[in-house]
Amino acid sequence: MLYLWLKAFHIFFVVAWFAGVFYLPRLFVHHAMSDDRATRERLCIMEGKLYRFITPIMVLALFFGLALLITPAGRGWFTMGWLHVKLLLVAGLVVYHFWCGRLLRGFEQGHNPHPHTWFRWFNEMPVLVLLAIVLLVVLKPF
Ligand code: HEM
């Protein structure tokens with residue numbers, strides 16, 4: 001029962017985190033395309049607020065994921081290959097999250113080294129990682 005409660009909250013925070021992880025780089029696309037100073041300033045505020053909002057949500061998603069693993073029902077997953085690959089992908093997502101924070105600080109300081117096309121590709125990365133993670137946790141292929 002505890003396991004299912006933890007899993008429900010894990011999924012809730014993962015979904016909330018991803019709403020932000022999908023939208024933040026979309027804002028970067030608009031930012032990189034904008035020539036208007038007022039628009040860029042407004043985008044900076046939106047990006048900063050979104051980033052600060054989703055950072056604790058990410059921590060909670062990870063916390064509930066780890067909590068699942070230390071319950072008696074979840075301990076068995078430790079030896080399974082899908083979990084190891086999933087944790088590797090999760091580490092990549094955490095790096096991606098902080099990379100967004102770095103790009104955000106660049107925008108705040110008025111310098112952005114990338115064109116909007118770069119951000120469009122950057123935006124696709126978490127989509128693919130999320131798909132891979134969902135396939136791993138649901139199918140548990142190995
Ligand atoms: C420290 C990081 C994480 C750990 C230790 C972790 C661990 C787990 C565990 C043990 C389960 C339960 C599997 C089951 O009962 O079948 C689970 C479920 C799930 N996890 Fe994670 N997780 C983490 C992060 C993430 C992230 C970042 C995502 C999404 C990108 C994610 C997506 C999911 C989904 C969708 C489920 C539900 C699977 C189902 O009900 O069949 N997890 N996680």
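Whatever order the structure lists them in is the order used to number ligands and atoms, beginning at 1. When a residue number appears, it is its place in the shown sequence, counting from 1.
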Chemist: Can you get from L135 to M125 by hopping between Ile, Leu, Val, Met, Phe, Trp and Tyr side chains that sit under 4.5 Å apart?
Modeler: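 In one cluster: no.
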Chemist: Taking all non-hydrogen atoms of both residues, which atom of I57 and which atom of A16 are closest, and how far apart?
Modeler: CG2-CB, 3.8 Å
Chemist: If you compare all heavy atoms of P141 against all heavy atoms of W82, which two are closest, and at what distance to 0.1 Å?
Modeler: CD-CB, 4.3 Å
Chemist: Tell me: protein heavy atom nearest atom 11 (C) of ligand 1, and distance?
Modeler: L68 CD1, 3.5 Å
Chemist: Considering non-hydrogen atoms of the protein only, which is the closest contact for atom 16 (O) of ligand 1, and what is the distance?
Modeler: K140 NZ, 2.6 Å
Chemist: Can you sort out which atoms of ligand 1 are near L93, meaning under 4.0 Å from one of its heavy atoms?
Modeler: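 This gives 30 (C) as the contact atoms.
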Chemist: If we check ring pair (Phe, Tyr, Trp, His ring centres under 6.0 Å) with F64, which of these qualifies: W5, W17, F9, F12?
Modeler: F9
Chemist: How far is atom 41 (O) of ligand 1 from its nearest protein heavy atom, and which residue and atom is that?
Modeler: V137 O, 4.0 Å
Chemist: Hey, does V129 sit under 4.0 Å from ligand 1 if you only count heavy atoms?
Modeler: no
Chemist: Which option, K7, K86, M58, owns the non-hydrogen atom nearest atom 31 (C) of ligand 1?
Modeler: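 Heavy atom nearest to atom 31 (C) of ligand 1 belongs to K86.
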Chemist: Which pair of non-hydrogen atoms, one from G101 and one from Y51, has the smallest distance, and what is that distance?
Modeler: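 Minimum heavy-atom separation between G101 and Y51: CA-CZ, 3.4 Å.
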Chemist: Is there any N or O on W17 that sits under 3.5 Å from an N or O of ligand 1?
Modeler: no
Chemist: So does V90 have any N/O/S atom less than 2.8 Å away from atom 21 (Fe) of ligand 1?
Modeler: no
Chemist: N/O to N/O below 3.5 Å, does that happen between W82 and ligand 1?
Modeler: no
Chemist: Among all protein heavy atoms, pick the one closest to atom 15 (O) of ligand 1 and tell me residue, atom and distance.
Modeler: Y3 OH, 2.5 Å
Chemist: Check the orientation of W99 and Y96. Use parallel for under 30°, tilted for 30 to 60°, and perpendicular for over 60°.
Modeler: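 Ring orientation, 0 to 90° scale: perpendicular.
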Chemist: Considering only non-hydrogen protein atoms, determine which one is nearest to atom 24 (C) of ligand 1 and report residue, atom name and distance to 0.1 Å.
Modeler: H10 CE1, 3.4 Å
Chemist: Please name the residue in the list F122, W121, F119 that meets the ring pair (Phe, Tyr, Trp, His ring centres under 6.0 Å) test with F28.
Modeler: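 Answer after filtering F122, W121, F119: F119.
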Chemist: For atom 26 (C) of ligand 1, grab the closest protein heavy atom and report residue, atom and distance to one decimal in Å.
Modeler: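 Checked against all protein heavy atoms, atom 26 (C) of ligand 1 sits closest to V14 CG2, 3.9 Å.
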Chemist: Say you draw a straight line from CG of D36 to CZ of R42; how long is it, rounded to the nearest 0.5 Å?
Modeler: 8.0 Å
Chemist: What I want to find out is whether E124 reaches R120 closely enough, with some N-O distance under 4.0 Å, to be called a salt bridge.
Modeler: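 Salt bridge flag = no for R120 with E124.
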Chemist: Does the plane of the ring in F18 sit parallel, tilted or perpendicular to the ring in F22? Use 30° and 60° as the thresholds.
Modeler: perpendicular
Chemist: If the cut-off is 4.0 Å to any non-hydrogen atom of I133, which atoms of ligand 1 fall inside it?
Modeler: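 Selected atoms, number and element: 28 (C), 29 (C), 30 (C), 31 (C), 32 (C).
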Chemist: Which atoms of ligand 1 sit under 4.0 Å from any heavy atom of F18?
Modeler: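 In order of number, 30 (C).
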Chemist: If you take all heavy atoms of L27 and E47, which pair is closest and at what distance?
Modeler: O-OE2, 3.5 Å
Chemist: Which of the atoms in ligand 1, numbered in the order shown and given with their element, are less than 4.0 Å from a heavy-atom of L62?
Modeler: 1 (C), 2 (C)
Chemist: Please list the nearest protein heavy atom to atom 37 (C) of ligand 1 with its residue and the distance rounded to 0.1 Å.
Modeler: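 Looking only at protein heavy atoms, the one closest to atom 37 (C) of ligand 1 is I11 CD1, 3.8 Å.
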Chemist: Against heavy atoms of L130, which atoms of ligand 1 measure under 4.0 Å?
Modeler: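 Going through ligand 1 atom by atom, the ones under 4.0 Å from L130 are 29 (C), 30 (C).
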